[in-house]
Amino acid sequence: MPDTVKLEVFRYRPEGEGEPLYETFEVPYRDEWMVLDALNQIKDHQDGTLSYRWACRMGVCGSCGMTVNGEPVLTCATYLEPFLPGPIRVEPLHGFPVIRDLVGDLEDFVGKLQRVKPWIIREEERSPSEGEYLQTPEEMDAYKRYSMCINCMLCYAACPIYELEPGFIGPAAIALAQRYNLDSRDEGARERHEVLAEHEGVWSCTFVGECSIVCPKDVDPAGAIQRYKVDATLDFFRSLVTPGRSP
Amino acid sequence: METVHHDVLVIGGGGAGLRAAIAVAEADPRLTVGVASKVYPMRSHTVSAEGGAAAVIRPDDSLDEHAYDTISGGDWLCDQDAVEVFVQEAPEEMLRLEHWGCPWGRNPDGRIATRPFGGMKLERTWYAADKTGFHLLHTLYQTSLRFPSISFHDEWFVVDLLVDKGRCHGAVAIELASGKIVALIARSVVLCTGGGGRIYPFTTNANIKTGDGMAFAYRAGVPLKDMEFIQYHPTGLPFTGILITEATRGEGGWLVNKDGYRYLQDYDLGTPEPKPVKRSMELGPRDRLSQAFVGEEEKGRTVTTQWGEVVHLDIRHLGEKLIDERLPFVRELCRKYQKIDPVRELIPVRPVVHYMMGGVHTDIDGATPVAGLFAAGEVACVSINGANRLGSNSLTELLVFGARAGRRAVREAGDAPDRPPDAALTQALDMERQIHGNLLRPAEKGERVATIREEMQTSLEAHAGIYREEEGLTTARDKLQELRDRMAGVTLDDTSLTFNTELLHYLEVRNLLDVAEAVVHSALNREESRGSHQRRDFPERNDDRFLAHSLVRRSVEGEPEVELLPVTITRWEPAERVYGK
Ligand SMILES: Cc1cc2nc3c(=O)[nH]c(=O)nc-3n(C[C@H](O)[C@H](O)[C@H](O)COP(=O)(O)OP(=O)(O)OC[C@H]3O[C@@H](n4cnc5c(N)ncnc54)[C@H](O)[C@@H]3O)c2cc1C
Ligand code: SF4
């Protein structure tokens, strides 16, 4: 095993130097280190100006997505080892405007998240004192997978449509809409249909499937989109858009 | 300087902050709520909670049993009136979350399922597989998006509170993307900034858990309560400190030493049975289990690895099916971060800093001694956790007391003045000047902020860990003073306004030092052993002197002062903590 490894890190600061560039850093190599550990070594001991996001360091907060040697990954869950002997190229996630260095601008996604109404919609809400809404384990299985999304944005970075058509609602937001549509407690599919059935909703997707390949949580957004398209062309959703009928 | 006005300002977008914001929106939709968070709300560390959240739901359980487990688990340092409110409101809060969509685990008949947890006599821990915090946080965040009165300041770092003449008027924040400094003015403020495990080097806490809110309150003259009580979780992965949830033991996992021996039987925690027995052995409380590890280490019965001493957590006998169904995240974490498969291999674990029982002193409505300032969640100390929190009480606490603090903040908003006093705005301008004028000005190279952080962490681990004594604590106290002095000589490489994370780290380390100071001074003052605070020089619990909370505040001269506040006892007289019987 080598003692050190080189990282070529994308640098960009809007004030000052103008054009983005790649800067090479040499960090100690350790078997148990992830790419994020190497970035932290740089930040703490070499160059305090390097900017990137991270928080939980256990693959669940969704902050530390970056492009490593061309692939969108969570850097806290990506070992240095497979990239030896290096150098390892670290860039921000593609498809997002860069704020600085490895930090992308996610505001667009947050807006889209809200547009798909990711909350339980019911005609009548019961009070908690009346007890739980019953839901069998099988009913939960119907949406469970789509509820596992950590909003890490890897799927947007991998999506060729999102790059060309920034209005596209995108994989994770559609998967989230499906998470609620398929929840036995929810009656909001009709309202979400308005957003999903727009041109920029599910129909933009040409089923490339990259999103599901890069997803670290096995959410399968491509499957969610495909399923919605099929359902939407069947009577199922027609019954939903007729007011007064719930599935 | 730019100012932004809200009726209620919530600082923090974790479980407590989101629950508080929704409570305000529900109580009075005319009030505007601003949620300021240094990370996008769904990145908050609530996301990492694994095991579950406790509330009485089974017919064979009772509120009194939950209260008793909590109080005895807390070694009689909990305020019993707070615990009673907590257990009573817990089921309703948890059901509300169910109505909002949280995918709680279910029984085949569609009802809520529960699992056993450490220190709990009955099964009352609700779970969403072993990603409970993740589902809880995302459910709250997504639900909060439905309220038009709530607006978010995502990636805004709060620097300090604006407090004048005993009333809080808001806070000063940096918008990270632009570096702009903004005065957030509000009629009432709810602090929900979470814990500060990062005063230690080896912790389950995210790097964002820097005790900011505790430091704000402390600097504003609000006492911090019971800060000496730091929870070590007995099962963290070595090297990363990633948590292996207690649910592994709730489901039947065993802790064994290097001889494959279930050593907890040697520490007054009961006798080993093949199946999990509640309040016994592996389902004893966390403080006792972490202390038992030290015992094994001293007897030379731990396993030596490249990451230090460990014991083993064995879940192989649970079988692949159960592990994948109930503990999928544990398997994922072990595979990814430890390169082992717990279905076939032993999991190396050691105690790891996990949770702060102490925090900002509040009453049962989250009110602090400063008017208009409330606190809830891990940042606060109500106190229901006493000297040792029971696993799965914290997530429930976020809901119960987040909601209470939110509702109380609504009432307070009516009493606040329409305009903040000039003094508050002057404070805001001073902070802006300090940051833009001093910290971001290019300077001759001094020390790195990371150096200060590392030395602080090493000192706390060495002297304020699972076992403490006067000499070590004094060393730590002096070290902290030295580091505080050295902060003046720290310079930043980064003078940019755009997303300056080095500036953030500087401000966070300043907060960490304040929190660490509060911990060490409180620990020095408590000359007894109780729950997670174990003094080698005072090994017994001493109810005569210390059946009381520590309140530490900073004097006018800047010195920390510790005083005691008696514990509220309602129905459960202090007794010996008994496990394994
Ligand atoms: C790995 C792990 C597992 C756990 N498992 C369980 C469990 O199974 N059951 C259980 O009951 N408990 C568990 N806990 C404990 C529990 O998760 C936490 O105590 C709880 O989630 C804290 O929630 P909070 O809302 O108070 O704070 P957090 O979720 O930490 O949120 C803090 C918020 O404050 C914001 N903030 C902080 N500082 C600033 C600042 N300066 N400016 C602006 N915003 C700021 C952050 O951005 C964040 O939004 C676990 C803890 C850990 C670490
Ligand atoms: S669907 Fe997968 S890749 Fe996309 S944001 Fe969610 S977790 Fe990340």
What part of [X] lies closer than 4.5 angstrom to a heavy atom of chain A: side chain, backbone, both or neither?
X      : result
B:N107 : backbone
B:E454 : side chain
B:W104 : backbone
B:R448 : side chain
B:F239 : side chain

Nearest atoms (heavy-atom pairs only) where [X] meets [Y]:
X      : Y      : value
B:A90  : B:T396 : CB-CG2, 3.4 Å
A:G59  : A:I150 : O-CD1, 3.9 Å
A:L102 : A:F10  : CD2-O, 4.1 Å

Is it the backbone or the side chain of [X] that comes under 4.5 Å from a heavy atom of chain B, or both, or neither?
X      : result
A:L50  : backbone
A:D101 : neither
A:R115 : neither
A:V103 : side chain
A:D31  : backbone
A:C149 : backbone
A:S127 : backbone
A:M34  : side chain

Max heavy-atom pair count under 4.5 Å with chain B, selected residue of [options]:
options                       : answer
A:Y143, A:Y79, A:Y52          : A:Y79
A:Q114, A:R185, A:M140, A:R57 : A:R185
A:D37, A:T136, A:D105         : A:T136
A:E139, A:K144, A:K117, A:H45 : A:H45

Ring geometry between A:F96 and A:Y162 (parallel below 30°, tilted from 30 to 60°, perpendicular above 60°): tilted
Does the pair B:E332/B:K131 count as a salt bridge with the N-to-O cut at 4.0 Å? yes
If you count heavy atoms of other groups shown closer than 6.0 angstrom to CZ of B:R111, is the number above 12? no
Would you say A:D3 has more than 12 foreign heavy atoms packed within less than 6.0 Å of its CG? no
Looking only at heavy atoms and a cut-off of under 4.5 Å, which of [options] has the most pairs with chain A?
options                        : answer
B:D109, B:T143, B:I242, B:T46  : B:I242
B:G101, B:A177, B:S44, B:S48   : B:G101
B:L95, B:I112, B:N207          : B:N207
B:I208, B:L503, B:T498, B:T501 : B:T498
B:H505, B:R106, B:Q306, B:E502 : B:R106
B:V47, B:T495, B:I57           : B:V47

So does A:R53 get a backbone contact from the side chain of A:S63, meaning a donor-acceptor N/O pair under 3.5 Å? no
Under the 6.0 Å and 45° cation-pi test, does A:R122 pair with A:Y133? yes
Could A:R100 and B:F499 be counted as a cation-pi pair, given that NZ or CZ must be under 6.0 Å from the ring centre and within 45° of the axis? no
Without hydrogens or angle criteria, can the side chains of B:E92 and A:S129 be said to hold a donor-acceptor pair below 3.5 Å? no
When you compare the side chains of B:K38 and B:T210, does any donor N or O come within less than 3.5 Å of an acceptor on the partner? yes
For the aromatic rings, using the six-membered ring if either is Trp, is the centroid distance between B:F152 and B:Y141 under 6.0 Å? yes
